[in-house]
Visitor: 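Below: one structure in structure tokens.
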Amino acid sequence: MTTTATSTVTSASNSSALTQLQRLEAESMHIFRETASEGERPVLLFSGGKDSVVMLHLAAKAFWPCPIPFPVLHVDTGHNFPEVLDFRNRTAERLKVRLEVASVQDYIDDGRLSERPDGTRNPLQTVPLLDAITDGRHDVVYGGARRDEEKARAKERIISLRDEFGQWNPRDQRPELWSLYNTRHRPGEHVRVFPLSNWTELDIWRYIAAENIELPPLYYAHERDVILRDGMLLAVGEYVTPRDGEDIERRTVRYRTVGDMSCTGAVESPAANAEDVLAEVATSTLTERGATRADDRMSEAAMEDRKREGYF
Amino acid sequence: MSVDTRGSLLRIATAGSVDDGKSTLVGRLLHDTKNILVDQLEAIERVSQARGLDSADLALLTDGLRAEREQGITIDVAYRYFATPARNFILADCPGHVQYTRNTVTGASTADALIILVDVEHGIVEQTRRHLAVAALLGVPHLIVALNKIDLVPDAEQRFAQLNSDLHELADQFGVLALQTIPISALRGDNVAEKSPNTPWYEGPSLLEWLETLPDSAELTQSERFAFPVQTVLRPQSAAVDPELVDYRGYAGQIAAGTVRVGGTVTVQPAGRQTTVEGIDLAGQPLEVAVAGQSVTLRLSDQIDITRGDLISGVDTGAEPSQSVEAVVCWLDEKPLHEGQRVLLKHTTRVVRGIVGSIDGRLNLDSLSAESVDSFGLNDIGRITVRVAEPIFGTGYTQSHALGSFLLIDPQTGRTQAAGMIQDDSVETPGVLGSLKAEHGDWRI
């Protein structure tokens with residue numbers, strides 16, 4: 001981990017009033033140190049998406065100058081953007097963390113999972129994720145979810161207990177008092193920990209800009225062949241081919257979230273760096289998931305249902 | 001949406017009874033501050049139409065769980081994030097049912113300001129008293145009572161005046177220091193974001209105006225004496241690390257209170273040693289000074305045996321080792337509390353085994369007096385003594401929230417059973433906490 005002297009988040013720290021970003025950063029570092037100290041075998045869920053990148057950056061800061069004291073786990077749907085996988089591998093190498101990969105494709109190949117009729121693989125991630133947690137005997141699992149993302153997520157605690165089936169019970173959550181976190185659990189259970197709970201999308205982008213954090217290139221404007229489907233711009237490629245009546249167009253786009261190529265939409269944008277994106281996000285009239293995630297449009301309770309089953 | 005990057009952050013919590021219109025108020029705040037995006041508004045308009053409503057039901061913005069939408073109630077704390085040109089807000093929307101009081105305690109424990117909703121048609125109810133007690137117990141710096149549905153009563157001005165006077169009297173009894181009452185209509189938006197022409201007799205601020213001008217409590221903590229519970233010891237010993245750092249030994253934590261400077265003298269507990277601060281690091285960046293709220297790593301001049309759970313503090317912090325903890329607790333578990341019960345006590349970064357030595361009384365919210373009981377049930381508030389296997393280094397909660405607060409955890413299930421606030425009877429404390437003091441074996445209030 002190298003920390004640049006130009007970090008604007010920390011350079012203001014000699015003034016007595018902490019900025020919003022300083023408070024959020026400090027809270028996240030506190031959460032990492034607290035839960036990694038109490039847990040036996042933590043693991044961090046790392047997709048290469050901006051939230052998990054920021055989360056990993058904060059973990060590196062929390063334990064500097066020691067290496068991050070846990071591995072990272074990626075649940076690979078098999079439909080990921082190649083530039084994200086490349087970024088994932090490079091980042092793990094740079095930070096010297098062990099990368100574990102749970103492959104949805106393997107599950108489909110040997111019949112443990114079958115492809116959905118709509119071709120979307122995001123809901124299929126739950127089983128490989130839970131198996132990887134069980135096999136790795138991970139008792140503390142870090143996720144990059146933010147409460148501002150979605151209504152069911154807004155109800156999630158920072159420390160969220162999962163039973164041995166990986167299930168979340170929203171009606172029986174532990175009260176979370178002061179900054180005293182309770183990570184106790186019984187054998188077979190684990191806790192999900194969300195260090196970015198209190199960050200908004202805007203905070204994430206401000207932090208990326210302030211800390212000069214590298215992201216996969218597709219977060220910034222680039223030209224790409226896309227088709228318009230269900231109101232979303234989907235990248236044409238191995239997993240998305242034009243249907244009747246759909247035309248391939250070349251447009252300047254970027255992604256607001258990174259997920260499956262088959263269901264993550266791009267937005268038209270000329271934003272070429274973090275500052276540009278920041279300006280764009282601040283004036284956006286759509287939520288990031290509303291704009292670009294087909295999987296969240298399935299039903300009013302789509303996210304809650306997936307979370308109950310043990311999804312991220 | 002416009003946000004000042006350096007803008008301050010205010011944490012607020014809401015509490016009220018069922019059907020007081022809390023979710024509607026939160027939805028109204030988000031809506032009137034233009035923090036609802038087009039797709040969110042379209043989604044609730046769709047659902048509202050499907051249910052045959054004339055206008056968008058703003059409560060749908062926060063009721064995120066299926067059961068909540070089905071039953072039309074809020075079940076769990078929902079956290080909301082919104083911003084105005086003046087300030088950023090984190091809002092914990094806490095449900096109203098009595099069985100969810102623990103969620104109010106949760107929300108209030110981190111809140112700079114608590115908004116209690118009262119339906120003016122119903123007036124002050126048991127939940128109002130309970131929420132006032134919680135606010136006083138947890139020492140929430142600012143309390144606001146929003147008198148909702150003011151548009152539904154014919155004699156609004158008189159009704160407001162009466163409730164305002166009753167609430168101030170009650171707040172005085174509980175020792176609430178700062179109370180602001182605001183007549184609102186969450187449904188119509190009266191006095192929520194802007195002053196309403198419908199209540200010309202009300203001269204105070206709108207709810208949002210009030211929230212935008214409240215002082216942020218974070219800076220108050222900075223003036224307290226320095227306290228730094230150690231979370232972990234950082235000693236890079238692997239070859240992967242920079243050879244210059246081979247001898248690095250740092251103590252990582254978040255500054256719970258006060259300020260620390262390089263060269264300053266500190267005390268280490270339980271070692272009982274004094275030393276000086278050699279360096280302060282924030283992930284590789286050296287700092288001269290660090291303040292409450294910052295997560296940093298301290299390097300000390302002397303080699304002292306320090307582990308997770310130890311306390312580095314200013315020499316005058318007043319944290320004394322104690323193996324008998326007297327405290328007021330809010331009982332949050334369905335499983336009742338009995339004398340002799342074994343618990344885990346989490347105080348700062350230290351978890352110790354304990355036994356509940358005695359139950360010293362329970363607060364009766366109707367009579368506002370202490371009563372003698374053998375056990376506590378869910379939502380009870382009262383005083384207990386816990387004996388712990390190893391000393392903790394605490395102060396009274398009113399002196400320092402960071403060093404005066406703890407959790408009780410069930411060793412078997414791991415559930416969080418109680419929020420505890422240490423009582424220091426040698427210090428005069430205002431309000432409910434001070435009143436719940438044992439005097440000649442009795443409790444007075």
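We name chains A, B, ... by the order of the sequence lines, and we start the count at 1 in each one. Being a predicted model, the structure only gives us computed values, none of them experimental.
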Visitor: Below 4.5 Å from any heavy atom of chain A, which atoms of B/T348 appear? Answer side chain, backbone, both or neither.
Guide: backbone
Visitor: Measure distances from B/I90 to the heavy atoms of chain A and classify the residue's part below 4.5 Å as side chain, backbone, both or neither.
Guide: side chain
Visitor: Heavy atoms only, distances under 4.5 angstrom: which of A/L161, A/D203, A/L180, A/L24 has the most pairs with chain B? Name it, please.
Guide: A/L180
Visitor: State whether A/E27 and B/R11 are salt-bridged, where the test is any N-O pair (Lys NZ or Arg NE/NH1/NH2 against Asp/Glu carboxylate O) under 4.0 Å.
Guide: yes
Visitor: Counting distance only, does the side-chain N/O of A/R206 pair as donor-acceptor with the main-chain N or O of A/L21 below 3.5 Å?
Guide: no
Visitor: Select one option (side chain, backbone, both, neither) describing which atoms of B/L344 are under 4.5 Å from chain A's heavy atoms.
Guide: side chain
Visitor: Would you mind checking which part of A/H30 comes under 4.5 Å of any heavy atom in chain B, side chain (CB onward), backbone (N, CA, C, O), both or neither?
Guide: both
Visitor: Using distance alone, with no hydrogens and no angle criterion, decide if A/W205 and A/E280 have a side-chain donor and acceptor under 3.5 Å apart.
Guide: no
Visitor: Return the option, out of B/V351, B/T110, B/I409, B/D333, with the maximum number of heavy-atom pairs under 4.5 Å with chain A.
Guide: B/I409
Visitor: Please classify the contact between A/T183 and chain B as side chain, backbone, both or neither, with a heavy-atom cut-off of under 4.5 Å.
Guide: neither
Visitor: Relative to the ring of A/F32, is the ring of A/F63 parallel (under 30°), tilted (30 to 60°) or perpendicular (over 60°)?
Guide: perpendicular
Visitor: Salt bridge check: are A/E38 and A/R184 linked by an N-O gap of less than 4.0 Å?
Guide: no
Visitor: Kindly determine whether A/S28 and A/W199 satisfy side chain to side chain donor-acceptor pair (under 3.5 Å), including the steps that lead there.
Guide: CA-CA 9 Å; A/S28 300; A/W199 296 60; 3.0 Å; yes
Visitor: Answer with side chain, backbone, both or neither: which region of A/A62 has an atom nearer than 4.5 Å to a non-hydrogen atom of chain B?
Guide: backbone
Visitor: Within the 4.5 Å heavy-atom criterion, are B/L91 and B/Y79 side-chain neighbours or not?
Guide: no
Visitor: For the residue pair B/N88 and B/Y81, confirm or rule out a side-chain donor-acceptor distance under 3.5 Å.
Guide: no
Visitor: Top residue by heavy-atom pair count (under 4.5 Å) with chain B, among A/H185, A/R147, A/R186, A/E189?
Guide: A/R147
Visitor: Measure A/R33 against the heavy atoms of chain B and call it side chain, backbone, both or neither at under 4.5 Å.
Guide: both
Visitor: Which region of B/L407, side chain (C-beta onward) or backbone (N, CA, C, O), has a non-hydrogen atom less than 4.5 Å from a non-hydrogen atom of chain A, or is it both or neither?
Guide: both
Visitor: Using heavy-atom distances under 4.5 Å, tell me whether B/V296 contacts chain A through its side chain, its backbone, both, or neither.
Guide: backbone
Visitor: Please give me the minimum heavy-atom distance between A/G39 and A/V140, naming the atom from each residue.
Guide: CA-CG2, 3.7 Å
Visitor: Please flag which part of B/D410 lies under 4.5 Å from any non-hydrogen atom of chain A: side chain, backbone, both or neither.
Guide: neither
Visitor: Given heavy-atom pairs under 4.5 angstrom as the criterion, report whether the side chain, backbone, both or neither of A/R174 touches chain B.
Guide: side chain
Visitor: If you take all heavy atoms of A/D139 and A/P42, which pair is closest and at what distance?
Guide: OD1-N, 3.9 Å
Visitor: Which region of B/R308, side chain (C-beta onward) or backbone (N, CA, C, O), has a non-hydrogen atom less than 4.5 Å from a non-hydrogen atom of chain A, or is it both or neither?
Guide: side chain
